[in-house]
Amino acid sequence: MCGIIGAIGYPNAADALLQGLRRLEYRGYDSAGIAVSTKTGFDVRRAVGKLNALAEVISTSPLKGNTGIGHTRWATHGGVKIENAHPILAQDRVAVVHNGIIENHRTLRKSLEAKGCKFTSDTDTEVLAHLFVDAMDNTDNLHDATAKVLGQIEGAYAFVIMTTDYPDQLAIARQASPLAVGLTDEAIFVGSDAIAMGDVTQKIIFLKDGDYGTISHDHVHLSDSDGQTVNREVVVVAASPGLVSKEGYHHFMEKEIHEQPDAVLHTLSAMTDSNGGFHLPQFIDFTKLTAMAYLAAGTSFHAGLIGRYWMEQLADLPVVTEIASEFRYRHPSLRQISLALGISQSGESLDTLMALRYMAEKGVNTAALVNVDTSTMARESGLHLITRAGPEIGVASTKSYMAQMTVLLILAVVAGHQRGIIPDQRRQEIEAMLSSLPRLLGESMACSDTIKPMVARLAKAKSCLYLGRGTLYPLALEGALKLKELSYIHAEGYAGGEMKHGPIALIEEGLPVVAILADDEHLGKMISNVVEAKARGADILLVATDSAARQVVEESPELAEMVVTVPDCDPLLAPLLLSLPIQFLAYFTAVHKGTDVDQPRNLAKSVTVE
Ligand code: F6R
């Protein structure tokens, strides 16, 4: 959620920290700050708003020092204001950057206030800073002080602490929120992920939950949750790309929409053998599975919903697709579930991670489908599948969603074949079809020209409905989510058949209804649903495959105000191809309204709090 970084022993640490924060800005962008250690204490710069605001402050008032910490914030406790920006200080002895939530912060704050501590922010983080002051007064080294603080706090967190008492060390800890240490010849770094340190090192130690310790410029001292000294493996991660550029596009989202043919191509290549047949990186015996759970959040959840249709239809294997944040709290009956798959672009969404851990605790095998191969979910799951979409910078997920659907379709085909539901010939047909998907996606990009002039009307709407049936129903949910998060227009997605059970009451003159159609078994019924909406005054925007659109126009020439099409395809591919116009629609509407497309308000790319 928030991004944290620290460096010890690095010349001009502030430059490296700022660069690291740029790589972490996807985690939050309400405010940011950097503090460096000086001979007399700390030198701190903080700014509200995007990282450029902090860069501006630092350029007019540079920071000097070789040890420092930095933070980019996504507000949880306390509003977006300078007092709540990190680093948060206590008594000029402790500076803290923290990601996560200290759940018992209220109780701790009261007892600290009773002891005379003066708080200057509304954050739970400041509690941590004061606890460190107290702990250092009652221990004789920073490692023990850290253990003492950890004994008092509850919640999910990762933090880096800089102190004047121990200027040659930083204290670090991780519980449920990610944290990694980066090693270089001259200095040691710490950051929310390996990408944050990608400019300076590829040698990474990933902390495990409960790990804490201290780092100096040449030494890492880690303990596990039992206080035992541990040596965690040093992993050499793949070179992290430099700061990804927009390459001439107006926004990362626009670029990432256009990268989808490549995202699918790379994902497919990694899962295709030399004969063009699908193979999974690790063997899954689908004949032994009784049921699966797909656990995910947001857009990844929508991919999971589509994947469920495929797995049940092609492999006759029951799947429950659940919103990860709800799953474990409803104490689900797990008797039938023999494999749980977490679906996540970042591999760090805490809701999904916790749902997977819950399943592992209950003895269910877990697997992760992630886009970041060094992520916590990838490292914790026995089995992991990687989407090869490349770094996704725009907060709204596009190309990783497309790659997730690709993998979920392959899984269903492999499962169906293993379970004897799909004969060899059908499997080969689908393999051939999927290999043409990158080309079809490339051809479908042309729909953006039709969409651009359409959005002026949609941009004026207060509300909008998306309708679909079958695998296009989850796409309707996804379309509504994209419009909401990017252009701040209220939108809902419904299954076409569900309209008559209530939502049809919402339809009034001029309400935009985006109807998503393919030439599939649902087409006739979907046309009826759209006709019902039109009869009540809705403005119909048809998003359809060519032949579906033709049939609608033949049957009901006056039905749609606007039509956007993609090339004809097998119904299995329809949710993938039709995702393009759905993404463009939200993108161009947001651009028309002038919202911040890549960093919409109140959002963060990776949500590592509950
Ligand atoms: C919406 C979006 C979010 C994410 C969700 C899960 O465009 O991007 O809804 O899909 O926060 O994130 P991951 O997939 O990283 O677990």
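Just follow the structure's listing: the first ligand is 1, and inside any ligand the first atom is 1.
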Original post:
Of the backbone atoms (N, CA, C, O) and the side-chain heavy atoms from C-beta on, which set of Glu348 has a member under 4.0 Å from an atom of ligand 1: side chain, backbone, both, or neither?
Top reply: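 Neither; nothing of Glu348 gets under 4.0 Å from ligand 1.
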**OP:** Check each heavy atom of Val395 against ligand 1 and say whether those closer than 4.0 Å belong to the side chain, the backbone, both or neither.
**Re:**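 It is the backbone that gets close, since no side chain atom is under 4.0 Å.
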Subject >> Test applied, side chain to side chain contact (heavy atoms under 4.5 Å, CB included); reference residue, Lys482; option that passes from Leu585, Leu477, Thr299 >> reply: Thr299
List the atom pairs, donor and acceptor, that lie under 3.5 Å between side-chain atoms in residues 457-473 and the rest of the protein, sequence neighbours left out.
residue, atom, partner, partner atom, Å
Arg457, NH2, Asp539, OD2, 2.9
Ser463, OG, His490, ND1, 3.0
Arg469, NH1, Asn529, OD1, 2.5

Tell me the protein heavy atom at minimum distance from [atom], and give that distance in Å.
{"atom": "atom 11 (O) of ligand 1", "answer": "Val607 CG2, 4.3 Å"}
{"atom": "atom 12 (O) of ligand 1", "answer": "Ser349 OG, 3.3 Å"}
{"atom": "atom 7 (O) of ligand 1", "answer": "Glu485 OE2, 2.5 Å"}
{"atom": "atom 3 (C) of ligand 1", "answer": "Thr299 N, 4.0 Å"}
{"atom": "atom 5 (C) of ligand 1", "answer": "Ala297 O, 3.7 Å"}

Original post:
Any N or O of Ser346 that comes nearer than 3.5 Å to an N or O of ligand 1?
Top reply: yes
Original post:
Do Thr352 and ligand 1 have an N or O pair less than 3.5 Å apart?
Top reply: no
With no hydrogens and no angle check, do the side chains of [X] and [Y] hold a donor and an acceptor under 3.5 Å apart?
{"X": "Asn371", "Y": "Thr387", "value": "yes"}
{"X": "Lys81", "Y": "Ser31", "value": "no"}
{"X": "Thr398", "Y": "Gln583", "value": "no"}

Original post:
Are the side chain of Arg232 and the backbone N or O of Ile205 linked by a donor-acceptor pair below 3.5 Å?
Top reply: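 A pair under 3.5 Å: no.
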Original post:
Any sub-3.5 Å donor-acceptor pair from Asn99's side-chain atoms to Ala158's backbone N or O?
Top reply: no
**OP:** Could you tell me whether Glu25 and Lys50 make a salt bridge, using a distance below 4.0 angstrom between a side-chain N and a carboxylate O?
**Re:** no
Proximal atoms of ligand 1 relative to [X] (non-hydrogen, under 4.0 Å):
{"X": "Ser300", "value": "10 (O), 13 (P), 14 (O)"}
{"X": "Lys482", "value": "1 (C), 7 (O)"}
{"X": "Ala396", "value": "7 (O)"}
{"X": "Ser344", "value": "13 (P), 14 (O), 15 (O), 16 (O)"}

Original post:
Angle class for the His71/His86 ring planes (parallel below 30°, perpendicular above 60°, tilted otherwise)?
Top reply: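 The arrangement is parallel - the two ring planes meet at less than 30°.
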